[in-house]
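Beneath this line is the structure, given in C-alpha cells, with notes to follow.
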Number of protein chains: 2
Amino acid sequence: MSTNPTTHFSYTPAVQSIIPLIYVAWSDRVLSPTEVTALQRQAAELSFLSPGDKLQLLKWSNPLSPPTPELFKYWEIMLRQEASHLPLAKRTSLVDLGLSMAKTAALKRQQESDINWEADEVRQELEVLEEALQQISWNTYRVLFPSATQQKIAEQQKTAFKVEELIQLLGGEYIEIKQKAKKLLQDPVFAYQILPEKEAYRQQVMAWTKLLAAQGLGALSYPIEYGGQDDIGAYAAFFDTMGHHDISLAIKFGVQFGLFGGSVLGLGTKKHYDKYLTKIGTLELAGCFAMTETGHGSNVRGLETTAEYDHDSQTIVIHSPTEAAGKEYIGNALHGEMASVFAQLIVDGENHGVHAILVPMRDKAGQLLPGIRVQDCGYKLGLNGVDNGRIWFDNVSVPRENLLNRFGDINEEGKYTSPIENPSRRFFTMLGTLVGGRVCVPRAGLSAAKSAITIAIRYALGRRQFAPAITEPETLLLDYPSHQRRLMPLLAKTYALHFGLEYLSNRFTKHEGDDLREIETLAAGLKSYATWFTTASIQECREACGGKGYLAENRFAALKADTEIFTTFEGDNTVLMQLVAKGVLTSFKKEFHEEGTWAVLRYITDRLGTAITELNPIAIRNTDRQHLLSSDFQLSAFSYREKSLLYSLSQRMRRMIKGGQSSYDAAMACQTHMIALAEAFVERLVIEQFVQVVEEQAGKSIFEPLQQLCQLYALHTIEQHKGWYLEKEYISSGKSKAIRRLVDELCGTLRGQADALVDAFDIPDALLAAPIIR
Amino acid sequence: MSTNPTTHFSYTPAVQSIIPLIYVAWSDRVLSPTEVTALQRQAAELSFLSPGDKLQLLKWSNPLSPPTPELFKYWEIMLRQEASHLPLAKRTSLVDLGLSMAKTAALKRQQESDINWEADEVRQELEVLEEALQQISWNTYRVLFPSATQQKIAEQQKTAFKVEELIQLLGGEYIEIKQKAKKLLQDPVFAYQILPEKEAYRQQVMAWTKLLAAQGLGALSYPIEYGGQDDIGAYAAFFDTMGHHDISLAIKFGVQFGLFGGSVLGLGTKKHYDKYLTKIGTLELAGCFAMTETGHGSNVRGLETTAEYDHDSQTIVIHSPTEAAGKEYIGNALHGEMASVFAQLIVDGENHGVHAILVPMRDKAGQLLPGIRVQDCGYKLGLNGVDNGRIWFDNVSVPRENLLNRFGDINEEGKYTSPIENPSRRFFTMLGTLVGGRVCVPRAGLSAAKSAITIAIRYALGRRQFAPAITEPETLLLDYPSHQRRLMPLLAKTYALHFGLEYLSNRFTKHEGDDLREIETLAAGLKSYATWFTTASIQECREACGGKGYLAENRFAALKADTEIFTTFEGDNTVLMQLVAKGVLTSFKKEFHEEGTWAVLRYITDRLGTAITELNPIAIRNTDRQHLLSSDFQLSAFSYREKSLLYSLSQRMRRMIKGGQSSYDAAMACQTHMIALAEAFVERLVIEQFVQVVEEQAGKSIFEPLQQLCQLYALHTIEQHKGWYLEKEYISSGKSKAIRRLVDELCGTLRGQADALVDAFDIPDALLAAPIIR
C-alpha cells in the first residue's frame, strides 16, 4: 500500500479542506437554515478559496439539490482514505482531517500555491466554520470510522452478568486441567500450520503427540504405578480442550492413549500392564486399535479376521482370510509398532467370538514384520494429520500371552476359559470397556463447535453490510434478525449440550455397580446428537461468515472437515440411535431378550397408555408468556414427546409381532420411529440437565442469561418439532405461533449478551487464531 | 496377500473337505431327519475319515445341539476364504470347495497322508453325500458369495422403464454438448489427481482450462466473429457437465470465460470485443473479475475502489483508498494479465456509481505492473485449484477506452454520458448482465449432487451390514427404511431441481423484452435453493457411505468442499432470498419504489385476502390416497403456502409502516418472513415445472417413475413444512400422518427403481471414479 494517498483530481486543495465539513452538514440529508448560512456565507468568505472553489461550494450548499448518494459515497471514501493515514487521536477533529486532505492534494498536484496549510490562520478560519456548523454527530462518526475497539466496548457495556462466574461454571470440576491444556497448546510450538502434504502433517502431529506424552498427559487415565493419575475425568477434560486445537492431534492422541492404551487397560490384565502400559503412556510404544474391517464396521460381531490358537507352539495365528477382512481406517497404522487386533478367537475348532490380541507390527527401525501388509488410506476429507491405514495379516503368530485376557483366556492346557459364560454378554462387556471414546469424542466436537460459534459471533459483531440510509453506518451482521436466528439458537444448544455432556462424563467417570449399560445408552445418544450438531453448527457458522469463512486461515475449513467424521466413527450415529432406542425399551425391564420383546412391549403400552392420552385442554391453548417460558411447560413437552414416541413404538411393534412378524422385522419396519424416539430421549435428558444447572445458579448474576439460553434451547427445539406437537394436538396453532414469537424475542434478547456468552467459553486467541476476529 | 490361505489347525484335511456340506446342512438352523441320516450314517462311512474325524462329525450332526453362532460364523469365514482363491465357476460346487479346503489344509500341515485329494474316488464319495443332503439353497449361496454383479442384475430386473428414455429427457435440448463434454472429460489427460500443494494444483487446472479453450469451449457464448457460437445455452450445458468433474476446473473456466469474458461482452462495446474477446476465448488473455472487496461483498454499491477520470491525460486512475477496499477472493488473481475492476467512477468531481474498467495487471512475462499489489488468499476449504487473491491498486492509470462503456461512457469532452439516466437503474442493469453466473452455478452444483447421490445409492446397493439371522445374508444398506428415508427424498429433489433449473436456463437463454427482472428473481431463488440442497445432500451422502465416504478417493471430500462456497458466491443465499421476496412483492406491481411500498402491500392484501382464507373443510381432513397423490392437491398446497406467506408478510409490513416505521425497518423486522416467502415461491415454481414435465411424458415408460419422484418431492416437502400447514390448519393431524406414511411408501417403491434412476444421470464411471462402487 502506498503511504501517499491519491489526490482526487477534481477538487482543489482548498475545496478538499472543507469536504469533511460539507459531508457532516449533509449527513442527515437536510441542510438546515443555519447550515445553509454557514456554508453559503461564512464558507464562501474563507480567504483561501478561489472563485472557482466558491462556485463549487455554492453548488453544494443549495438545500434544494442535495448531493446524490453516489457523490456522498465518494466523499465518504475520500474521508475514510485520508483518515486511515492520520493518527487515531486526530480523527476527532474535522478541521484536522480537512487540512490533511488539503495538504495531500497540494503535494500530489505539485502545483505552486500561495496557501500554507500549516498556517494557524487557515486552521482558525476552518475552526470558525466548524463551530458554525455545530458538532459532528456520533452517528456520522460511526459511518466514517467504525471501530472494532469501540464496538467491543459497546458490547461489553451490554453484558449484564459476571463473565468470570460463567467461565468457572463451564470449566467445572476439571477447570485446572483444562487451563493447563490451554496454556500448553498456546505455546508457540503448537502454533497451527497448514501442511498440505500428509506426510509432513503426520510428522508434525506425531511430534506434538510426543510433547504431550512428555508432559504425562497421555497416561492421565492409567494407574499411578504406570505413570498415570488414575483419573479418567482429567483425561476426558484434556481431550475436550484439545477440540479447540488441531483435531488431528486430538485424534492421534485418542488413538494412542485412549483406544490402543485403553484396550490394554480395559481388556488386558496385570501382565500386559506391566509390560506395556508405561511405554504406551509415554509413546515409547505407538500402537493401533485394529477393530474395523473393510467388510465389517458397524457389525463388529461379523469381523472376519481369525485368531486361531495352536497349542503345539502355544501361539495364536492372526489371519485375514479375504481382502475385505483387512483392518480399515486404522489410526497409527503407519507409525504403529503394535496393534490391538480384534479377531474371532478359535480354540480347538471352536470359535469364542471377537477378542483382542496384541500383535507386533514393526521392529524398532520401523520395518514391517513378516506377514503384515499395510496400505495408506491416503488423503481424507479431513484429519490428514492422522495416519489411517489398512492392515492385513498373513498367518502371523504371536505368543499366547498376547491375548488380552480379562474377559476370555486360554489356559495352560490350551482350553478357553471366561468369567462370562454367555458369548453375547461377553462380547458386549468387552465393547463396554470402550465407551470412553463415545464420551470423549462428542466433547472434542463440541469444543470445535464452540470455536466456530465464537468466531462467527465475534465476526458478526464487527462486520457491517448494507446501511439503512447512505448517511447511517452499515448494519452489524448480528443486528439482522435472520443472523440472530442463525446463530443464537446454535449458541443456546451449545450451552445445552455442554451441560448434557458434563452429565454424561460425570456418570461415566463416577459410575459404580451395574449402571454401565445405562451409561452406554446415554453415551450412544449424546455422542450422536452432539456430533450431528457439531457438523451442522460449524456449517452454519461458515456460511454466516461468507467468503471469509471459506478461507483456511479463518479455521472453519479445518474445524468442519476434521470433526465431520465424528458422526461416523466411534459408532455410526444412525446405528447408535437404534441402540439407544433399544436401550430405552430395555430400561423398562432389566431382562430384555429376543424372546421377551412382546412382554416388554405390552408392559410399556400398559404403563404409558393413560399417562400420555390425558392431555390438559387448557394447557394446549395456553399462550401465556409465563407459561411458555416456564421450565414446567418445557420439561413436560420434552417428556411427553419421549413417552408418546415410546408408547406408539411399542404399540406398533406389538401389533406386528402379534401379526406374526419376527421382532427383527418389526424393529426394521419401525427403524425411523426408533431413531425419533432416541432423539426425544436425548433431548429430554439434555433439557433436564440444563434446567437443573440453571436452578443451581439462583441468585447469581449468571442466572438470568443461563435461564434465557435454556428457554431458547427448549422453545427452539419445540419449534423444530412443532409439526409433531401439532399433529399430536399437544399444542394449538396459536400456541405454536406464540412459541415462534418467543424464540424470535429470545434471539434478540440474547444478542445483547452474545459477546460475553462466547467470551465465557474462554478460548484463547491463539487457539481461535482467525484473522477475521483479530 | 498371501496366495496360500491359512490352514485352520483344528480340523484335519478330511474334516475340512466336508465343512461346506455341514455348513449348508445347518444353514437353516435345523437338521432334518434326512440330513441327520446323511451325516450320521453316510458321512460317517466316508473311507477317508479317521476315527477322530468321525467323532468330530458326530458331534456336529446332533439335531439337539446346533453349532453356536460363533462356530457357524467361523465356518462361513473359512468357506469364504477358500472360495476367494477358487475360480468363479468352481464356486457352484460344494464338493469342489471341500476338496480345495482339504488340499490346502494338507499342504499346510505338510504331514504325510494316505489320501489323494485329486483322486476320483474321493470326489465321488463326497458327491454322493452332497446328493443326499439335497441342493444348496440360493440364500446360502448369497451369504457366502454376495456378488456385486448378481446384485446389479437383480436391480436391473426391477427396472420398470426404459433408462434411455430418461437419459434423453434429462439430457434435454443440449444433450449433444453434454455428451461431448463427457467424452472430453473422460480423456486420460483429465483424470483426477490429488495435488495437495495449491501451486501444483493450480497449474494443473490452468493446463486443463487451456485444453478446453483449445476445443473452442470457452467461447461458446461469444459471437461467431470472435470464435464463438453465440450460444449461451450450450455454454450453460457445458458448465453443467463440468460439475461432474473437478469443480476447481469449472470455477476457473467460469471465472475466465463467464465472468471476465462475460463482463467484456455484457458491459463493453465493439471496440473491446475487437481487441479482447477472441483472446479471452482462447485464454491467450487470462483475466479477473474484480468486483468484491474485503469490506464490501454483498453490498456492491458500497464498493470503495475509485476510478477517477483525469481529462488532461485522458486516463482513468484506479485506486484502493484503504486496505479494506482491496479486491477480495478474486479468481485468476495469480494467473491473470488483466482485470475487470468494478469501481466508483468519478468524473469531474461527480461520482456516477459503480462501473467496470479493464486494468492490465501483469506483463507477458507475468510480472505485476507498477501500482498493483496482489496477495494470495492461501488455502481454502475447497477449490484449491483456483488461484484466488486480493488485489490493491495504487493510483494505476489506464486509458479512457478501458472503461467498459455500454451503460456509461466518458466522451471526448471528458463528460460522463449514459443511456440510462437513473443511477440506481443503471447499476441494476449492469449487474443484470451478470445473471448468467446465477444460472450456471446451481447447475454445476446439482451435477455434483447427482454424482454424490449416484455414488451413495450404488454403494447402498452393494454394501451389506447386519443380518437378520446368522444364516441369512446381511442386509443391503438400501433395504433399510432409514437409509431409504435418507436417500430417496434427495433423489426426488434432485430430479425436481433438474427440471426447475432447466426451466430457469430456458427462460434465461431465450429471454426477450423486459422479463429480465423476473428472470433475476428466478435465478436468485433457484440459485439459493439449489446450492443449499447441494451442500446438504452431499453431506447426507457422505454420512450414508460411512467411513468410506470420508476417504478422498471416494470423491465426497472434493464434491462437498468445492461446492460448499456456492451458497455464498454469486450472491450470498440469505441476501438473495431477500431479493427474491422483494421481487415477489414487486411482481404485483411493475413500479415498486420505496414510496410505493405501502400501496403495493395494500394491493396484495386486498387481492389475496379472500383467496387464502377460504379453506375447504373437507379437503383439510381428506386422507384419501388418490387425493394426496394427486398433483391437484400438491400444487394447491404449495401455492397456498406461497400466497399465504405473501399475504401475511404484506399485512405485517403494512401494519408496521402504518405505525410509523420506515419500509427499511419493516423489511428488517420481517426478514425471516421474507426468506420463508422466497422459499415458498421457489418450491411452488419447482413443483409446477416438475408436474408439467411429468404430464408431458404420458404414455411413455418413464411416466410412472417420474410421477412417483414428483409425488415424493411434493409430499416430502409438504411433510417438511407440516408444522406450518398444521399451524395454518390447512391440513388435519390425520392428513399429516397419512402424508408421512405415503412418503415412507414412496421411498420404498422408488428404492426398486433407484439403480436405474441414478443410471439415468448418465455420469461416466471415469467421472464418478469412486472405488467403492467399482
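Note that the coordinates shown come from a computational prediction; the quantities given were computed from them, not determined experimentally. To find a chain, count down the sequence lines: A is the first, B the second, and so on, and within it residues start at 1.
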Contact class of A/H352 relative to chain B, heavy atoms under 4.5 angstrom:
backbone
Okay, A/V575 and chain B: the region with an atom under 4.5 Å from a heavy atom over there is side chain
Side chain / backbone / both / neither for A/L345 at chain B, heavy atoms under 4.5 Å:
neither
What pair of heavy atoms forms the shortest contact from A/G295 to B/Q465, and how long is it?
O-NE2, 3.1 Å
Can you tell which part of A/Y329 gets under 4.5 Å to a heavy atom of chain B, answering side chain, backbone, both or neither?
side chain
What part of A/E304 gets closer than 4.5 Å to chain B, counting heavy atoms only: side chain, backbone, both or neither?
both
A/Q539 side chain to B/Q539 side chain, donor-acceptor N/O pair below 3.5 angstrom
no
Nearest 0.5 Å please: distance from the CD1 atom of B/I675 over to the CZ atom of A/R485.
11.0 Å
Ring pair (Phe, Tyr, Trp, His ring centres under 6.0 Å) partners for A/F72, two or more places apart:
A/Y23
If you measure from the Lys or Arg side-chain nitrogens to the Asp or Glu carboxylate oxygens, is any gap between A/K737 and B/E727 under 4.0 Å?
no
Derivation and outcome, side-chain contact (heavy atoms from CB on, under 4.5 Å), residues B/S733 and A/L726
CA-CA 7 Å; B/S733 167; A/L726 286 160; over 6 Å; no
Do B/K560 and A/K560 have side-chain heavy atoms sitting under 4.5 Å apart?
yes
Does a donor on one side chain sit under 3.5 Å from an acceptor on the other, for A/Y480 and B/Q578?
no
By a 4.5 Å heavy-atom criterion (distance strictly below it), what part of A/L195 contacts chain B: side chain, backbone, both, or neither?
neither
Could you give the distance from OG (A/S84) to CD (B/E323), rounded to the nearest 0.5 Å?
9.0 Å
Approximate separation, where rounding is to 0.5 Å, of B/H85 NE2 and A/T322 OG1
8.5 Å
Min side-chain heavy-atom separation B/N351-A/W75 under 4.5 Å:
no
Taking C-beta and beyond as the side chain, do A/E553 and B/Y379 meet within less than 4.5 Å on heavy atoms?
no
Could you tell me which portion of A/R301 (side chain, backbone, both or neither) has an atom closer than 4.5 angstrom to a non-hydrogen atom of chain B?
both
So, B/E474 and A/H296: side-chain donor and acceptor under 3.5 Å apart, yes or no?
yes
Please evaluate residues A/T475 and B/Y664 with respect to the criterion side-chain hydrogen bond (donor to acceptor under 3.5 Å, both in side chains), reporting the C-alpha separation (whole Å), side-chain torsions for both, the decisive distance (0.1 Å), and the verdict.
CA-CA 12 Å; A/T475 305; B/Y664 176 90; 3.2 Å; yes
If you tally heavy-atom pairs under 4.5 Å against chain A, which of B/G378, B/A467, B/S662 wins?
B/A467
In terms of heavy-atom contacts, B/G349 and A/L71 come closest through O-CD1, 3.2 Å
Do A/I565 and B/R542 come within less than 4.5 Å of each other through their side chains, counting heavy atoms only?
yes
Any side-chain donor near an acceptor of the partner, A/H319 and B/Q81, under 3.5 Å
yes
Side-chain heavy-atom pair A/P423, B/T68 within 4.5 angstrom cut-off
no
Side-chain heavy atoms of B/T306 within contact of A/I77, under 4.5 Å
yes
Roughly how far apart are B/R463 CZ and A/T294 OG1, rounded to 0.5 Å?
8.0 Å
pair B/P481-A/M668: side-chain heavy atoms closer than 4.5 Å:
yes
Evaluation steps, side-chain contact (heavy atoms from CB on, under 4.5 Å), between B/E564 and A/Y550
CA-CA 8 Å; B/E564 204 267 14; A/Y550 199 64; 3.7 Å; yes
Under 4.5 Å from a heavy atom of chain B, the part of A/T574 involved
side chain
Using heavy-atom distances under 4.5 Å, tell me whether A/E729 contacts chain B through its side chain, its backbone, both, or neither.
side chain
Test item: B/E70 and A/E350 side chains (from C-beta on) under 4.5 Å apart, heavy atoms:
no
On a heavy-atom basis, which atom in B/L551 and which in A/K380 lie closest, and how many Å separate them?
CD2-CG, 4.0 Å
